[in-house]
Amino acid sequence: MAFIVQFGGGVTSYEALRRAIVKHGRENVVAVCADVGEVRDGMGRVVCGEHEDFWRFLTDVESILEIRIEVTKNPNYADIWDVFFKDRFLGNSQYDPCSERMKRGQLLRWMEARYMPLADTIVLGMDWTEPERVKDYRERIAPWPTWFPLLDDPWVSKRDICHALIAQGITPPKLYEDGFSHNNCGGFCVKMGLAHAHRLWAKRRHVWEYHAKREQEFRAMIGKDVAILRDRRGGVTKPLPLEELAKRFESGYVPRKSVKEGCGGSCMLP
C-alpha cells in the first residue's frame, strides 16, 4: 500500500508528509504537488501562480524529510487565466475551474494513472479545525481511502508547525509573514472573501493589479457582467469586479475580518 501525500505548499502539508513518513516509512510514502503555472511581470515578479518562495519551501521540505516531491502539471493550460479564457468561465466562490483543471483534477488524474483506489491511501494536511472540509473531501474522493494525520494526537496549529520548522533552520512560507492563511497561488484565489481580497490588495498590489486587469479582459471577451467576487450590499447580489473593489479600498473601505477571511486552501474541494 502506498500513502500518497498531496503537498499543497503550506506547513500543514509538510506536517502531514512528515507524519506519514514516521508512521509508515519513507519507502511507502509518495508525495506529489500540482504546478499551476506562472506569469511574471517586467520586474521578474510572479503575478500569477505560486509565490516566488513556494518552490524554495518545497525544496527545503524535500531536503529535511529526505524525500522527492513529484510535480505534475496539466499540459493543456499555461496558467489559471488560460483555463478561464479557454473554458469561457470565470472562477468564483461556487466553482473554480482553475483547480479542477490544474490542481485537484490534475492530482486525481496523476494518481489514477499510477495507483489504485482501495489499495492505496490519499493523505492530506487538513487539520482538526476543519471537520466539514474533511467530511466533504472524503465523500468526494470515494472510493479512495483517505488519511488526515493532523486529526490525530498530537494536535498542533500552523504556528506550532512554523516554530518547529524554524527550530530546524527552515523558514516557513513567506506568504504567512503577510498574514495569509495559506501558501497557494501567490495569495490570490477565486474563492477568497472580501477581507482576504483586501489583504491581497494591501500586501501584494502587483498581484492584485494583474488579476484585476485579466478580469477586465475576460469581461470584454465574454461580453457579460461577470466577476470573481460578489457585492451583497442591500440584500441584492451582483458581480463585483476587482477594479471596482479597488476603488472602494482606496476610499478607505476595510472589510470586517471573519474566521473565513481566506480560501484556506478550499480549492481542494469542488
Side-chain angles (χ1 to χ4, degrees), residues 4-10 13 30-42 44-55 57-58 69-115 122 124 137 140-141 173 175 180 182-192 196-197 200 204 206-224 226-229 239 241-242 262-270:
I4 311 159
V5 181
Q6 295 186 0
F7 184 84
S13 290
V30 176
V32 59
C33 174
D35 183 352
V36 297
E38 70 174 30
V39 177
R40 292 181 180 261
D41 64 12
R45 299 174 299 184
V46 175
V47 290
C48 178
E50 305 295 3
H51 190 286
E52 292 88 342
D53 185 62
F54 179 96
W55 301 107
F57 182 66
L58 181 146
I69 300 175
E70 302 283 345
V71 176
T72 178
K73 185 177 185 298
N74 190 328
N76 298 316
Y77 301 96
D79 55 68
I80 65 172
W81 281 99
D82 195 29
V83 173
F84 300 153
F85 278 91
K86 285 181 177 177
D87 286 15
R88 297 179 64 85
F89 189 95
L90 185 59
N92 54 63
S93 63
Q94 300 303 307
Y95 176 53
D96 50 348
C98 44
S99 180
E100 179 59 35
R101 304 288 183 267
M102 303 195 74
K103 187 165 283 192
R104 65 175 183 268
Q106 180 61 21
L107 288 169
L108 184 58
R109 287 186 290 272
W110 185 90
M111 292 186 299
E112 288 176 338
R114 294 162 176 80
Y115 301 95
I122 297 174
L124 286 102
Y137 185 84
R140 182 184 73 81
I141 205 67
L175 272 180
F180 290 93
H182 61 83
N183 187 33
N184 302 117
C185 289
F188 174 77
C189 183
V190 297
K191 289 187 173 183
M192 63 185 170
H196 183 106
L200 182 64
R204 313 206 73 220
H206 60 293
V207 174
W208 173 277
E209 290 177 348
Y210 175 81
H211 290 294
K213 174 176 175 290
R214 294 294 279 163
E215 184 182 59
Q216 289 301 116
E217 292 173 352
F218 183 89
R219 286 163 57 85
M221 182 273 289
I222 206 75
K224 296 180 180 179
V226 295
I228 294 168
L229 300 177
L242 299 178
C263 67
S266 60
C267 54
M268 292 311 298
L269 295 174

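All residue numbers in this chain count up from 1 along the given sequence.
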Validation row: R104, D96 side chains within 4.5 angstrom (heavy atoms) | yes
For F84, check ring pair (Phe, Tyr, Trp, His ring centres under 6.0 Å) against everything at least two apart and list the hits.
-> W81
Over all atoms of both residues, closest heavy-atom pair of F57 and G10 = CE2-O, 3.7 Å
Separation between CG of D79 and NZ of K73, rounded to the nearest 0.5 Å | 7.5 Å
Do the non-hydrogen side-chain atoms of Q106 and D35 ever get within less than 4.5 Å of each other?
-> no
Should we say atom NZ of K224 is surrounded by more than 12 heavy atoms from elsewhere, each under 6.0 Å from it?
-> no
List the atom of C33, the atom of I69, and the distance in Å for their closest heavy-atom pair.
-> CB-CG2, 3.9 Å
Side chain E70, main chain A31, donor-acceptor under 3.5 Å = no
Partners passing side chain to side chain donor-acceptor pair (under 3.5 Å) against N74 (at least two apart in sequence or in another chain) = N76
Can you tell me how far the OH atom of Y210 sits from the CG atom of L242, to the nearest 0.5 Å?
-> 13.0 Å
Minimal heavy-atom distance between I4 and M111, with the atoms involved, is CG2-SD, 3.8 Å
List the steps and the verdict of side-chain contact (heavy atoms from CB on, under 4.5 Å) for D87 and Y77.
-> CA-CA 10 Å; D87 286 15; Y77 301 96; 3.2 Å; yes
Residues at least two apart in sequence or cross-chain that pass ring pair (Phe, Tyr, Trp, His ring centres under 6.0 Å) with F180, listed by chain then number, are H196
Decide side-chain contact (heavy atoms from CB on, under 4.5 Å) for L175 and D53; before the verdict, give the C-alpha distance in whole Å, the side-chain angles of both, and the deciding distance to 0.1 Å.
-> CA-CA 8 Å; L175 272 180; D53 185 62; over 6 Å; no
Charged N-O contact under 4.0 Å between E217 and K213 = yes
Can any side-chain N or O of E215 pair as donor or acceptor with the backbone N or O of I228 at less than 3.5 Å?
-> yes
Gap between atom OH of Y115 and atom CH2 of W110 - 0.5 Å precision = 4.5 Å
Would R204 and F188 satisfy side-chain contact (heavy atoms from CB on, under 4.5 Å), going step by step from the backbone distance to the final call?
-> CA-CA 9 Å; R204 313 206 73 220; F188 174 77; over 6 Å; no
Find out whether P173 and H51 are in side-chain contact, i.e. whether some heavy atom of one side chain is under 4.5 Å from a heavy atom of the other.
-> no
Is R101 paired with D82 through a side-chain N to carboxylate O contact shorter than 4.0 Å?
-> no
Short question: side chain of N184, backbone of G8 - any donor-acceptor pair under 3.5 Å?
-> yes
Residues in salt bridge (charged side-chain N to carboxylate O under 4.0 Å, His left out) with E38, at least two apart?
-> R40
For the atom pair SG (C185) and NZ (K191), what is the distance rounded to the nearest 0.5 Å?
-> 12.0 Å
Min side-chain heavy-atom separation E112-L108 under 4.5 Å = yes
Atom pair SG/NE2 of C48 and H211 - distance to nearest 0.5 Å | 4.5 Å
Can you name the side chain to side chain donor-acceptor pair (under 3.5 Å) partners of N92, sequence neighbours left out?
-> none
Measure from the side-chain N and O atoms of N183 to the backbone N and O of G9, and report whether any donor-acceptor pair falls under 3.5 Å.
-> yes
Which atoms form the tightest heavy-atom contact between M192 and A197, and what is the distance?
-> SD-CA, 3.9 Å
Nearest heavy atoms of V190 and C98, plus distance in Å | CG2-SG, 4.1 Å
T72 OG1 to R109 CZ distance, which is reported to the nearest 0.5 Å | 8.5 Å
How about V46 and F54: do any of their side-chain heavy atoms sit closer than 4.5 Å?
-> no
Apply salt bridge (charged side-chain N to carboxylate O under 4.0 Å, His left out) to R45 and list each qualifying residue two or more places apart in sequence or on a separate chain.
-> D41
